[in-house]
Protein chains: 2
Amino acid sequence: MVARRGDDPAGDSTGDGVVHPSMDDAPYALDGDLTNGAPLLDAVVPAARERARAIPEAAVARLAVYLQVLSEAAAQDTAVISSEELAAAAGVNSAKLRKDLSYIGSYGTRGVGYDVETLIQEIGRTLGLTRKHSVAVVGLGNLGHALANYGGFPGRGFPVSALFDVDPDLIGIKLGGLPVDHIDDIPEVCGTRDVTVGVIATPPGAAQEVCDRLVRAGVRCILNFAPVVLQVPDDVEVRKVDLAVEMQILSFHVARRADRLATDGDSRVDQAVGQ
Amino acid sequence: MVARRGDDPAGDSTGDGVVHPSMDDAPYALDGDLTNGAPLLDAVVPAARERARAIPEAAVARLAVYLQVLSEAAAQDTAVISSEELAAAAGVNSAKLRKDLSYIGSYGTRGVGYDVETLIQEIGRTLGLTRKHSVAVVGLGNLGHALANYGGFPGRGFPVSALFDVDPDLIGIKLGGLPVDHIDDIPEVCGTRDVTVGVIATPPGAAQEVCDRLVRAGVRCILNFAPVVLQVPDDVEVRKVDLAVEMQILSFHVARRADRLATDGDSRVDQAVGQ
DNA sequence: GCCTGTGAACGGCTTCACAGCG
DNA sequence: CGCTGTGAAGCCGTTCACAGGC
């Protein structure tokens, strides 16, 4: 779920994406097309990461899931996996999985399957996990505490390196080995620790203000847990995780299910969905 | 993000959301989202609540967001709001907003706008918020604690009415006024307290087991915070909120942005995306 | 005149089905 | 013969643009 000025949220979210989740605007072209004829690059640039050539947003979200499943597989010493197996474990159908993987290149072996380690490498590269991303958590209530204590987000590579709040009782103490700073220090601290991702876990009323500060400090990616739609410049990426929204979406499905049972007093069985 | 057997996540994430995302599926927003479980049917059925007539999953996620914004507006005594205003506040364009609202009926006044209270009512009805949903939280680590202490999820209507864990040190003590029960008691407790939504905040290794127990206890809606793809029967709705996935999606965008700057060594300014 | 509601056009994502290769 | 990789078809959601009321 990306929410940017004049655009859309959820997505889903997701699920989205959320999204949650999810699900929003234009795909991501390396561009370099349109404007110029474009046969160029590749050849010239060191084998120019031809990767990242227009991967649909929805596919990106799934790639992250595949990565998770592949890590599990690797932990169990599975060296090779077929599209069918991986798809089942990730909860998608195999055609979609193969299509998704094809966006990042051809790393499978026909008649055999995919090498787990290779896929992990390539998906990681595509998702930009080769660089480390410093994370700042702002707002240390219940949720903020939980996030801070994750101590380096699950799926390593996202070390939390700064904590902020306004509560004088919190400033200066350490949480998970990190000192808590006042949000007035966001510019300085974010600068010196090279923070690239901001996580907002403040009460709703403070979220926009905090967001503005982060943006002013140069943070261009924000994960927002506050139940507020943040207004940001076009070059800032926001993803929103909203528990109330998630619950309401579930609620909708409960209601729909109930309606169905009520109205379908007749024969027809729910043969819905099934890929 | 809806994930069901043989279907897709993110979501939004969401799509997300979720959700999603996306996020979805998903995504978180998270996910991405997406995945419309509602196929054809209806039609024949009497004239039955013609509402719930195939509302796109993505639209459902956004309706929840509109509801949030509308509540804020109501709190500030705004009685009427135009599609343009509401859209701006929700971060979508007005055409999409009007289309979304049209799915639930015609509650606006041409030349004027929408009555805030009426919209709140109708969206709430559509999302099934007229019924109360009892929530059970399983797994009381950092995140679970945070969720339990929310004490009735934000956006009222989702009272947490049961807590479960396996840690003997936790069983029996009270958190936010609720006693912690052992997960062996899930069937009984969920039954007597009429739990309709299960929230899984356990370590990844325990998630599937806990999920199976909830499902066996009759819970048909699950919000999963564990970084695992749950396998469930077709009639169970799962939404996944995965912090690692959200971070990785953000990471992808950071990387893409960096690539752009690197390859666009020339003139062309980033005029991308735009609402 | 203004703003809502909506059919139709558009575009992106998913699904299909098979060609291609090991 | 099996499984990947992918053009093409189909579907679904978004955007457009204007008809319809107030």
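Predicted model, so just to flag it, every value in this text is computed and none were measured. In what follows, every heavy atom counts, from backbone to side chain, and hydrogens, waters and symmetry copies are set aside. In what follows, every chain begins at residue 1, and chains take the letters A, B, ... in the order their sequences are listed.
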- Relative to the 5' end of DNA chain D, which residue comes earlier, K99(A) or T109(A), by the nucleotide with the nearest heavy atom? T109(A)

- Item | Between P of dC3(C) and CG of L101(B), the distance in whole Å | 16 Å

- Nucleotide dC16(C), atom P - distance to CG of L97(A) in whole Å: 15 Å

- Query: What residue pairs, at least two apart or across chains, pass salt bridge (Lys or Arg N to Asp or Glu O under 4.0 Å) with a residue in residues 67-76 of chain A?
  - Reply: none

- Task: Using atom OH of Y107(B) as one end and atom P of dC22(D) as the other, report the distance to the nearest whole Å.
- Result: 16 Å

- Atom CD of E122(A) and atom P of dT4(D) are separated, to the nearest Å, by 17 Å

- Task: Can you tell me the distance, in whole Å, between the NZ atom of K96(A) and the P atom of dT4(D)?
- Result: 17 Å

- Query: For Q208(A), which residues count as a side chain to side chain donor-acceptor pair (under 3.5 Å) partner, sequence neighbours excluded?
  - Reply: D212(A)

- Under-4.0 Å side-chain N/O to phosphate OP1/OP2 contact, N93(A) with dT14(C): no

- Message: What's the closest nucleotide to the side chain of R110(A) if the choices are dT14(D), dA19(C), dC16(D)?
- Response: dA19(C)

- Mapping D100(A) and R98(B) onto DNA chain C by nearest heavy atom, which one lands closer to the 5' end? R98(B)

Name each donor-acceptor pair under 3.5 Å that joins a side chain in residues 111-119 of chain B to protein atoms two or more places apart or in another chain, with its distance.
{"from": "D115(B)", "atom 1": "OD2", "to": "E117(B)", "atom 2": "N", "distance (Å)": "3.4"}
{"from": "D115(B)", "atom 1": "OD2", "to": "T118(B)", "atom 2": "N", "distance (Å)": "2.9"}
{"from": "D115(B)", "atom 1": "OD2", "to": "T118(B)", "atom 2": "OG1", "distance (Å)": "2.7"}

- Note on the structure: R98(A) meets the salt bridge (Lys or Arg N to Asp or Glu O under 4.0 Å) criterion, sequence neighbours left out, with none

- Mind running a 4.0 Å heavy-atom check of residues 69-82 of chain A against DNA chain D and sending the residues that fall below it, in number order? S82(A)

- Message: I need the minimum non-hydrogen distance between A74(A) and I120(A), along with the two atoms involved.
- Response: CB-CD1, 3.9 Å

- Calculate the interatomic distance between L86(B) atom CG and dT4(C) atom C1'; express it in whole Å. 13 Å

- Query: At under 4.0 Å, does any side-chain N or O of S83(B) touch on OP1 or OP2 of dC3(C)?
  - Reply: no

- Message: If you only use heavy atoms from C-beta on, which nucleotide in dC16(C), dT4(C), dT4(D) is closest to the side chain of Y114(A)?
- Response: dT4(D)

- Whole Å only: how far is the CZ atom of R62(B) from the P atom of dG13(D)? 10 Å

- Pair Q248(B), H133(A): side-chain N/O donor-acceptor within cut-off below 3.5 Å: no

- Item | Pair listing, salt bridge (Lys or Arg N to Asp or Glu O under 4.0 Å) test, anchored in residues 74-88 of chain B, at least two apart | none

- Distance, rounded to the nearest Å, where Y103(A) contributes OH and dC13(C) contributes C1': 7 Å

